[in-house]
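Encoded as C-alpha cells, the structure appears first; notes follow it.
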Amino acid sequence: MKTSAYAAQTATTPLAPFNLQRRDVGKHDIEIEILYCGVCHSDLHTVRGEWGGTTYPCVPGHEIVGRVTKVGEQVTKFKEGDTAGVGCMVDSCRTCANCERDLEQFCPDTTFTYNSPDKHLGGITFGGYSERIVVDEAFGLQIPPNLDLAATAPLLCAGITTYSPLHHHNVSPGQKVGVVGLGGLGHVGVKLAKAMGAHVVVFTTSSNKVEDALRLGADEVVNSKNADEMKKQLNSFNFILDTVSAPHDINAYLLLLKLDGNLTQVGVPPEPLSLNVGSLIYGRRSLSGSLIGGIKETQEMLDFCGKHNITADIELIQIQEIDRAYDRLVKSDVKYRFVIDMASLQQAS
Ligand code: NAP
Ligand code: ZN
Ligand code: ZN
C-alpha cells in the first residue's frame, strides 16, 4: 500500500514529503490510520545522525495513535473503528528469555518502529510521520477511552520510558524522587511519580519552567545551575530519573542520593558522560539505565494513566513545521511535547 509520509533524506536536509510502502494486512495484523504522532527527542537524534547508525531515507515517529481501519482474520484484540497505539517496537522474536519475561525491548531481535531491519519488506522500518502503519496486533496498544487522543500519543514513548524505571525501582508513597530535565519525558515522569505518591523534585536549567513544574505536580523545583539550591538537596533522594538529552554532570545528581539510592539514566546524550566513582562508593549508590518498556508494561502504564487521568501537555503542530519544532527541541523550548496532527499530511507542502 502506497503511504504518504515525511522523511529525512540526509542528516542535514529538512524533512520532506516521501512515499513508502506498507505491507498487506496479514492474519495477525492491524492497519492503523495514524491521527497523531508525538515528536520524541530520539527522532531528532536519529534524523540528524547524532547517534550514528541512521539509514536514510528515515521516517521517524514512535508515539503513534490512530484508528484501526482493517484487521487480519485472526485478530482478537482490535476491531475496525477502535483506537489503537503503537510505541517504539513493532515486533520481536517472541521466544527468547527476555521476550518470555515480557521484556521485548531487550530481545536481541527487536524490530523498532523505525530505522530497524524490516522482516516483511526488506530495507528498514518506517515510523509514524506517515498516513498509516501495519503492525502485528501483539504490538498494538489499547487506549483508555477517557483520554484525549492527541495528548495520549506521547505516552507511547515518554510515558513508558518514565513509568518503567519508576515502577522497577519501586517508587512508592513517601519516597523522595527527583526528575532531571523538564521536557517531553520529564514532564510525564513528574505526573507519574506524583500519581505513585512520591514527593517529587524537578531539576531544571530553564528558569521559565518553575511555575509549570509546580502545576504539573512537583513539590519542589531546583534550578540545577544554582550551587546553593543543589547543596540543600544533598543525600536526600531515594531515586532520581535523569531525562537530559545533552552532556551534563551526572556526579552532581549522584551526590543527592541517600544511602542505597539509585539514579536511572533514560536520556541518551550523544557523547559519553564522565563518572566520578567516589559519588557511587560513598553511600553505596547505584547508577542504572532503562530502555522504554515491554508491551505488557506499556499497556499497564496506559491503564494507569487512564485511571489517574494522565496525558502529556502538548503543542499540536502540522507536519510542515517539523524542522522548526526540532530546532526548538534543541533549545529546550517545548511545553512539553510536540504532537503532529497527521491530517496535515494531506495539505500541500
Ligand atoms: P526533550 O523534550 O528535549 O527534553 C530534554 C530536557 O533536558 C530539556 O527540556 C531540558 O530540560 C534538559 N536539557 C536539555 N539540554 C540540556 C543541557 N545541555 N543541560 C542540562 N539539561 C538539558 O527530550 P525528550 O524527548 O524528553 O528525551 C530526552 C532524552 O531521552 C533524549 O536523549 C532521548 O533520546 C532519550 N530517550 C530515551 C529513551 C529510553 O528508552 N531510554 C526513550 C525516549 C527518549 P530543562 O529545560 O528543564 O533543563
Ligand atoms: Zn521516544
Ligand atoms: Zn526475543
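These numbers come from a predicted model, not from an experiment. Counting starts at 1 for both ligands and their atoms, in listed order.
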Asp136 and Val90: CA distance, side-chain angles, deciding distance, side-chain contact (heavy atoms from CB on, under 4.5 Å) verdict: CA-CA 7 Å; Asp136 190 304; Val90 289; over 6 Å; no
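For atom 26 (O) of ligand 1, the nearest non-hydrogen atom from the set Leu329, Leu185, Val330 comes from Leu185. Comparing Gly87, Ser42, Ala246, Ser224 by heavy-atom distance to atom 17 (C) of ligand 1, the nearest is Ala246. When the options Asp333, Val244, Leu182, Val266 are ranked by their closest heavy atom to atom 35 (C) of ligand 1, first place goes to Val266. For the residues Thr46, Asp249, Thr205, the heavy atom positioned nearest atom 48 (O) of ligand 1 is part of Thr205.
At least one N or O atom of Ser206 sits closer than 3.5 Å to an N or O atom of ligand 1. Some N or O of Gly184 is nearer than 3.5 Å to an N or O of ligand 1, by distance alone.
Against a heavy-atom cut-off of under 4.0 Å, Cys157 is close to the following atoms of ligand 1: 42 (C), 43 (C). Every atom of ligand 1 with a heavy atom of Thr204 under 4.0 Å away is listed here by number and element: 45 (P), 46 (O), 47 (O), 48 (O). Those atoms of ligand 1 that come under 4.0 Å of a heavy atom in Lys209, given as number and element, are 9 (O), 11 (O), 45 (P), 46 (O), 47 (O). Near Trp51, the atoms of ligand 1 lying under 4.0 angstrom from a non-hydrogen atom of the residue are 34 (O). Within ligand 1, the atoms closer than 4.0 Å to a non-hydrogen atom of Leu291 are 40 (O), numbered from 1 in the order shown. Interface of Gly267 with ligand 1, defined as ligand atoms under 4.0 Å from a residue heavy atom, comprises 29 (C), 30 (O), 32 (O), 35 (C). Remark: ligand 1 atoms within the under-4.0 Å shell around heavy atoms of Ile292 are 39 (C), 40 (O). Which parts of ligand 1 touch His41 is read off a 4.0 Å heavy-atom cut-off, strictly below it: atoms 1 (P), 3 (O), 23 (O), 24 (P), 25 (O), 27 (O), 31 (C).
In this structure, Phe112 has its ring center at least 6.0 angstrom away from the ring center of His62.
The aromatic rings of Tyr326 and Tyr129 are tilted relative to each other, their planes meeting at an angle between 30° and 60°. In this pair, His308 and Phe304 present their aromatic rings tilted. The plane angle is within the 30 to 60° band.
Among the backbone and side-chain atoms of Cys88, no N/O/S atom is found under 2.8 Å from the Zn ion (ligand 2). Within the coordination shell of the Zn ion (ligand 2), defined by N, O or S atoms under 2.8 Å, His41 is absent.
Between the SG atom of Cys107 and the SG atom of Cys96, the angle centred on the Zn ion (ligand 3) amounts to 120° when rounded to 10°. At the Zn ion (ligand 2), the angle from NE2 in His62 to SG in Cys40 is 120° when rounded to 10°.
For Asp228 and Lys231, the salt-bridge test fails: no basic side-chain N is under 4.0 Å from an acidic carboxylate O. A salt bridge links Lys119 with Asp109; the closest basic N to acidic carboxylate O contact falls under 4.0 Å. Arg23 and Asp91 are not joined by a salt bridge, as no carboxylate oxygen comes within less than 4.0 angstrom of a charged side-chain nitrogen. Ion pairing of Lys176 with Asp219 is absent here, as no side-chain N (NZ or NE/NH1/NH2) approaches a carboxylate O to less than 4.0 Å.
Tyr36 and Glu63 form no side-chain donor-acceptor contact under 3.5 Å, judged by distance and modelled atom types alone. Checked by atom type, the side-chain pair Thr3/Arg22 shows no donor-acceptor distance below 3.5 Å. With 3.5 Å as the limit, one finds a donor-acceptor pair spanning the side chains of Ser288 and Asn262. Thr69 and Glu33 are not linked by any side-chain donor-acceptor pair at a separation below 3.5 angstrom, with hydrogens and angles left out of the test. In this structure, a donor-acceptor pair under 3.5 Å is absent between the side chains of His28 and Glu73.
In terms of protein heavy-atom proximity, atom 4 (O) of ligand 1 is nearest to Gly183 CA, 3.4 Å. Closest to atom 14 (C) of ligand 1, if we only count protein heavy atoms, is Ser332 OG, 3.4 Å. Scanning all protein heavy atoms for the shortest distance to atom 5 (C) of ligand 1 gives Ser245 OG, 3.7 Å. Taking atom 28 (C) of ligand 1 as the reference point, the nearest protein heavy-atom neighbour is Thr243 O, 3.0 Å. Distance from atom 31 (C) of ligand 1 to its nearest protein heavy atom, with residue and atom name: His45 NE2, 3.5 Å.
Within the 4.5 Å cutoff, no side-chain heavy atoms of Val266 are placed close to those of Asp242.
The residue from Lys191, Arg337, Lys335, Lys209 that alone fulfils the salt bridge (charged side-chain N to carboxylate O under 4.0 Å, His left out) condition with Asp313 is Lys191.
When non-hydrogen atoms are compared, ligand 1 lies under 4.0 Å from the side chain of Thr161 (C-beta onward) but not from its backbone.
For Arg337, the closest heavy-atom approach to ligand 1 falls below 4.0 Å.
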